[in-house]
Amino acid sequence: AISMEKGYPYTRFLGAVALGWSLAMQGNTAEGVALAQQGMAASMEFGQRLHHSQLAAMLAEACLLAGHVVEALDVVEEAIAGFAAYRDLICAPDLWLLKGEALQRLGAPAAEVEAALLSGCALASDLGARVSALRGATQLARHLSAQGRAATARQTLQPVYAWFTEGADTPDLRTACALLADLGDRD
C-alpha cells in the first residue's frame with residue numbers, strides 16, 4: 001500500500017510476488033499464485049528486469065505448490081531465456097533447479113531432469129551460492145537415488161553438505177543430512 005501511495009512501482013511488484021509466494025507457502029496456493037502472477041505481470045509490463053530471476057523463482061515455486069506444473073515450467077523457461085541477456089544472478093541457480101523439479105513432475109526423461117539439475121548446481125557453485133548449491137545437490141542426489149545410483153548420489157551431496165559448519169538445524173541441512181543417512185543405508 002505504501003509503495004502504491006508513494007509511487008514506487010518496483011517495491012509494489014516485488015511485494016506482490018513475495019506476498020503471493022508467502023501465501024502459497026502457507027497453503028493458500030490459489031490466492032498466492034494469483035497475487036504472484038499479478039505482480040509478475042505488472043513487473044513485465046513496466047519493463048522491470050531487476051531481480052527478475054527472484055520474482056520468477058517465487059512465482060514458479062508457488063505454481064509448483066499449487067500443482068500448476070506446466071505454468072511453473074513456462075515461467076522458469078522464460079526467465080532462463082532472459083538470463084543470458086540480463087545476467088540477473090540473485091536466484092538464477094534456483095531457476096534451473098525449479099525447471100528440474102517441474103520436468104520431473106511432468107515425467108520428462110531422466111537425462112533431461114538431470115541436465116537441468118546439473119546446470120543449477122554448476123551455476124550455484126560458480127557463484128558461491130552455497131544454499132542454492134545445497135538445495136541443488138540434494139535434489140540431484142534424490143533424483144540419482146531414484147535412478148538406482150545411490151553411490152553417485154552420496155558422492156554428489158556429501159561434499160556440498162560438508163561445506164556447512166553451522167546451521168545444522170536449518171530445514172535444508174536437515175533434509176540433506178537425512179538423505180545422506182538414507183543413502184548410506186542403501187549400500
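Sequential numbering from 1 along the given sequence is applied to the chain's residues.
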Shared ILVMFWY cluster between Leu35 and Leu59, side chains joined below 4.5 angstrom?
no
In this structure, SG of Cys63 is separated from CE of Met58 (nearest 0.5 Å) by 12.5 Å
Distance check, rounded to the nearest 0.5 Å: Leu134 atom CG versus Gln139 atom CD?
10.5 Å
Is the backbone of Ala129 close enough, under 3.5 Å, to the side chain of Ser132 for a donor and an acceptor to pair up by distance?
no
Interatomic distance, Trp163 atom CH2 to Leu173 atom CG [nearest 0.5 angstrom]
12.0 Å
For Arg174 against Ala168, the heavy-atom pair lying closest together
CG-O, 3.5 Å
Which atom pair, heavy atoms only, marks the closest approach of Thr152 to Leu144?
CG2-CD1, 3.9 Å
All heavy atoms of Pro93 vs all of Leu123, minimum pair found to be N-CD2, 3.8 Å
One thing to verify: whether Arg142 and Glu101 come together as a salt bridge, which I'm taking to mean a side-chain N less than 4.0 angstrom from a carboxylate O.
no
Considering all heavy atoms, the nearest Ala176-Leu157 contact:
O-CD2, 3.6 Å
Between Ser125 and Cys121 (side chain of the first, backbone of the second, donor and acceptor by atom type, cut-off under 3.5 Å), is there such a pair?
no
Any chance you could lay out the side chain to side chain contact (heavy atoms under 4.5 Å, CB included) test for Leu117 and Trp96, step after step, and finish with the verdict?
CA-CA 6 Å; Leu117 295 174; Trp96 276 269; over 6 Å; no
Answer yes if Val69 and Leu95 sit in the same cluster of Ile, Leu, Val, Met, Phe, Trp and Tyr residues linked by side chain heavy atoms under 4.5 Å apart, and no otherwise.
yes
Can a donor-acceptor pair be found, under 3.5 Å and without considering hydrogens, that links the side chain of Glu31 to the backbone of Gly20?
no
To the nearest 0.5 Å, what is the distance between NE2 on His143 and CG on Leu103?
10.0 Å
Please determine whether residues Val33 and Val76 belong to a single hydrophobic cluster, defined as Ile, Leu, Val, Met, Phe, Trp and Tyr linked transitively by side-chain heavy-atom distances below 4.5 Å.
no
Supply the atom-to-atom distance Phe164 CZ to Thr170 OG1, rounded to the nearest 0.5 angstrom.
7.5 Å
Donor-acceptor under 3.5 Å (Ser145 side chain, Ala141 main chain)
no
Given the rule in the side chain to side chain contact (heavy atoms under 4.5 Å, CB included) test, do Met44 and Glu78 qualify, once you have shown the distances and angles that lead to the verdict?
CA-CA 11 Å; Met44 298 298 289; Glu78 179 276 327; 3.7 Å; yes
Can you name the closest pair of heavy atoms from Thr156 and Ala137 and give their distance?
O-CB, 4.1 Å
Indicate, with yes or no, if Leu65 and Leu55 share a hydrophobic cluster defined by side-chain heavy-atom contacts under 4.5 Å among Ile, Leu, Val, Met, Phe, Trp and Tyr.
yes
Flag yes if Leu183 and Val160 sit in one hydrophobic cluster, no otherwise; membership is Ile, Leu, Val, Met, Phe, Trp, Tyr, and two members link when side-chain heavy atoms are under 4.5 Å apart.
yes
Can you check side chain to side chain contact (heavy atoms under 4.5 Å, CB included) on Leu118 and Leu140, steps first, answer last?
CA-CA 7 Å; Leu118 284 168; Leu140 181 57; 3.5 Å; yes
Side chain His52, main chain Ala79, donor-acceptor under 3.5 Å
no
Which heavy-atom pair separates Leu98 from Ala60 by the least distance, and what is that distance?
CD1-CB, 4.1 Å
Within this structure, what is the CG-CZ distance for the pair Leu73 and Arg105, rounded to the nearest 0.5 Å?
12.0 Å
Indicate yes or no for a side-chain donor-acceptor contact from Ser53 to the backbone of Cys91 under 3.5 Å, with no hydrogens or angles considered.
yes
So, the side chain of Ser119 versus the backbone of Ala115: is there a donor-acceptor pair under 3.5 Å, distance only?
yes
Under the side chain to side chain contact (heavy atoms under 4.5 Å, CB included) rule, what do Arg149 and Glu114 come out as? Steps first, then yes or no, please.
CA-CA 12 Å; Arg149 298 161 56 194; Glu114 189 171 330; 3.0 Å; yes
Could you verify whether a donor N or O on one side chain and an acceptor N or O on the other, from Gln37 and His68, lie under 3.5 Å apart?
no
